[in-house]
Amino acid sequence: MLRFSQTRLFSTSRLLSATKKHDVVVIGGGPGGYVAAIKAAQLGYNTACIEKRGSLGGTCLNVGCIPSKALLNNSHLYHEIKTESSKRGIDIEGEVKPNLGNLMKAKDTAVKQLTGGIEMLFKKNGVTYYKGNGSFVDEHNIKVEPIEKGVEESILEASNIIIATGSEPTPFPGIEVDQERIVDSTGALALKEIPKKLAIIGGGIIGLEMGSVWARLGSEVTIIEYQTAIGGAGMDAEVAKATQKFLKKQGLNFQLGAKVKSATRVGDEVDIEYEDAKTGEVKSIKSDVLLVAVGRRPYSAGLNAESIGIEFDQKKRIVIDSEYKTKLPHIQCIGDVTFGAMLAHKAEEEGIAAVEFIKNGHGHVNYGNIPAVMYSHPEVAWTGKNEEELKAAGIKYKTGKFPFVANSRAKTNMDTEGFVKFIADAETQRVLGVHIIGPNAGEMIAEAGLAIEYGASCEDIYRTCHAHPTLSEAFKEAAMTVFDKPINY
């Protein structure tokens, strides 16, 4: 027994002698993780961040938000030049055609610049960056297995630990992703050729954005969605219906209420079989590429969190309290790997709040006011409540809309599809939700977020002077229509 105790003591002392100590260690360098690390360093903590990708920014910057927006923006420019240049008074000689290689280069350049920018921010703020896989040794020690050759394994001892390991694409049972003919959202950002036919399982934001990109570049796109409406959770039903109408005009085909039964690669084609949920009729289509976009799931593989008693719910999300603390109070968790919407900006807010709880004992994230944006064209954005949620809660409300076709700036830009929709408390006029389809909706929704955060009424908004001519005037007039008559419609 004595010999065993001495051996154990010796091995423990060796572990501690090789340990690097930090006040705060963040596991994961995505939007939540890197923001938390920078904030912790700014508040005076000796801070480290572990990221196994070798490139900071997580899914968002590397294979999500940023590359998809690069493709969305540039494919829209191509489509606009090809289809609208003559009516805008621009004559183009010769054929206008996409250069897929250069589109991908532009995307990769944006990604490289932004991920490299985070490394510079780490250096500026004094965050120690470990490139490797982080896993718990015990509740205060984390092992880092380096991804770079010649770098030794590290043990980090931390007073406070923040888990921010993010999410990954949800697989579809029975469908094997090969990232060639059957792809997930990562593969859809790196296709080597424009498919003649593209099928997409999933009518949520990822599926609709990727469908928009490839439809503009010439693909025949079919969206196969199990639900009877597109857009996913949070999108107002009226907005979802209008959005589908706009996207259908752009060439996207929709099979709603369709349950996919199988998808098999046969050579350079994919055979897809689905069932009409209402009639039970089984149908099939062929595509050159199939995108599986049925959502994302929390990612915690290799973290070894269970070994130290961290709890997970039925959806494999790490269980936390209102201060982002796990069962072990010095270990917090933020972002996609725990509850709530899987959005980069939600994770960023949580990263700051979690560190503020460490420093001050209080932090703030308003989960009733997390904006969502779909970067199709027109864009779709919303924050606060939708009509369906308010009806279910028994809250009395009024709505008001103003169309962009009556907005002077939208007219001059020849970009008039969509509207701004306000939902307000029936008695007080307090803004409960705002839903926008239209140009620059993703930027305009910030004004709605500010209004909701400070409890503004519709009158507060329409009595605030908005510059002319701007798209934001449609926002002002939509607020006016809830309890009054608009001026320009």
Side-chain angles (χ1 to χ4, degrees), residues 53 58-60 62-65 67-68 71 165-215 217 219-233 244 247 251-302 314-317 336-337 342 374:
R53 194 187 297 270
T59 294
C60 176
N62 288 276
V63 290
C65 316
S68 65
L71 291 179
T165 48
S167 61
E168 64 181 352
T170 301
F172 195 102
I175 299 179
E176 184 179 346
V177 171
D178 60 18
Q179 301 297 28
E180 292 179 354
R181 294 293 169 180
I182 302 178
V183 302
D184 58 20
S185 56
T186 300
L189 294 167
L191 297 181
K192 292 180 171 59
E193 60 183 16
I194 300 168
K196 291 181 180 178
K197 292 185 177 182
L198 171 67
I200 300 173
I201 303 176
I205 289 179
I206 293 173
L208 296 174
E209 286 187 346
M210 288 297 93
S212 294
V213 167
W214 294 106
L217 297 177
S219 298
E220 181 184 319
V221 176
T222 301
I223 306 286
I224 306 169
E225 168 57 48
Y226 180 71
Q227 303 296 332
T228 55
I230 65 168
Q244 183 182 341
L247 293 176
L252 275 68
N253 303 303
F254 293 91
Q255 297 292 334
L256 303 182
K259 181 181 179 181
V260 174
K261 297 176 70 67
S262 66
T264 308
R265 177 174 177 174
V266 182
D268 287 338
E269 285 187 329
V270 182
D271 292 339
I272 305 146
E273 196 173 77
Y274 64 92
E275 178 183 303
D276 187 307
K278 188 178 274 188
T279 66
E281 182 184 358
V282 176
K283 302 177 182 179
S284 63
I285 61 170
K286 293 182 183 291
S287 67
D288 300 298
V289 173
L290 170 65
L291 165 58
V292 180
V294 292
R296 298 183 65 82
R297 65 181 182 182
Y299 180 82
S300 59
Q314 292 182 339
K315 295 182 179 180
K316 305 298 182 183
R317 301 176 300 187
D336 288 5
V337 74
M342 291 185 174
M374 185 170 81

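In what follows, every heavy atom counts, from backbone to side chain, and hydrogens, waters and symmetry copies are set aside.
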Give every residue pair that meets the salt bridge (Lys or Arg N to Asp or Glu O under 4.0 Å) criterion with at least one member in [range], sequence neighbours excluded.
{"range": "residues 278-290", "answer": "Asp271-Lys286"}
{"range": "residues 192-215", "answer": "Lys69-Glu209, Arg181-Glu193"}
{"range": "residues 222-232", "answer": "none"}

- Message: I'd like to know whether Glu180 forms a salt bridge (charged side-chain N to carboxylate O under 4.0 Å, His left out) with Arg265, so could you lay out the CA-CA distance, the side-chain angles of the two residues, the decisive distance to 0.1 Å, and finally the verdict.
- Response: CA-CA 10 Å; Glu180 292 179 354; Arg265 177 174 177 174; 3.0 Å; yes

For the student: nearest non-hydrogen atoms of [X] and [Y], plus distance:
{"X": "Val221", "Y": "Gly211", "value": "CG2-O, 3.7 Å"}
{"X": "Ser212", "Y": "Leu247", "value": "OG-CD2, 3.9 Å"}
{"X": "Met210", "Y": "Ser68", "value": "CE-CB, 3.7 Å"}
{"X": "Leu189", "Y": "Pro67", "value": "CD1-CG, 3.9 Å"}
{"X": "Leu291", "Y": "Ala188", "value": "CD1-CB, 3.9 Å"}
{"X": "Val294", "Y": "Pro171", "value": "CG2-O, 4.4 Å"}

- Message: I'd like to know whether Val260 forms a side-chain contact (heavy atoms from CB on, under 4.5 Å) with Tyr226, so could you lay out the CA-CA distance, the side-chain angles of the two residues, the decisive distance to 0.1 Å, and finally the verdict.
- Response: CA-CA 8 Å; Val260 174; Tyr226 180 71; over 6 Å; no

Name all residues meeting the side-chain contact (heavy atoms from CB on, under 4.5 Å) criterion together with [X]; count only those two or more places apart in sequence or in a different chain, and write none if there are none.
{"X": "Lys261", "value": "Glu273, Glu275, Val282"}
{"X": "Ala263", "value": "Ile175, Val270, Ile272, Leu290"}
{"X": "Arg317", "value": "Pro298, Asp313, Lys315, Phe339"}

Any side-chain to backbone donor/acceptor pair from [X] onto [Y]? Under 3.5 Å, distance only.
{"X": "Asp276", "Y": "Gly280", "answer": "no"}
{"X": "Ser219", "Y": "Ala215", "answer": "no"}
{"X": "Thr165", "Y": "Tyr299", "answer": "yes"}

- Does any non-hydrogen side-chain atom of Gln244 lie less than 4.5 Å from one of Leu252?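 SC-SC contact between Leu252 and Gln244 ruled out.
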
- Message: A side-chain contact here means heavy atoms from C-beta on lying under 4.5 Å apart; do Val292 and Val183 qualify?
- Response: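 Of all side-chain heavy-atom pairs linking Val183 with Val292, none is under 4.5 Å.
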
- Query: Any ion pair linking Glu168 and Arg296 (charged N to carboxylate O, less than 4.0 Å)?
  - Reply: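 No, Arg296 and Glu168 are not salt-bridged.
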
- Without hydrogens or angle criteria, can the side chains of Asn253 and Glu220 be said to hold a donor-acceptor pair below 3.5 Å?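 Not at all, the side chains of Asn253 and Glu220 share no donor-acceptor pair under 3.5 Å.
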
Atom pair [atom1] ([X]) and [atom2] ([Y]), whose distance is rounded to the nearest 0.5 Å:
{"X": "Cys60", "Y": "Asp336", "atom1": "SG", "atom2": "CG", "value": "9.5 Å"}
{"X": "Ile194", "Y": "Trp214", "atom1": "CD1", "atom2": "CH2", "value": "6.0 Å"}
{"X": "Leu208", "Y": "Ile200", "atom1": "CG", "atom2": "CD1", "value": "7.5 Å"}

- Task: Quickly, which of Thr59, Asn62, Val63, Val177 forms a side-chain contact (heavy atoms from CB on, under 4.5 Å) with Thr186? Name it, please.
- Result: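 Testing each of Thr59, Asn62, Val63, Val177 against Thr186, the sole residue satisfying side-chain contact (heavy atoms from CB on, under 4.5 Å) is Val63.
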
- Flag yes if more than 12 heavy atoms outside Gln179 fall under 6.0 Å of its CD atom; otherwise flag no.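 Count over threshold, so yes.
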
- Message: Run the side-chain contact (heavy atoms from CB on, under 4.5 Å) test on Gln255 and Thr222 for me, step by step, so that the C-alpha distance in whole Å, both residues' side-chain angles and the decisive distance to 0.1 Å come before the verdict.
- Response: CA-CA 7 Å; Gln255 297 292 334; Thr222 301; 4.0 Å; yes

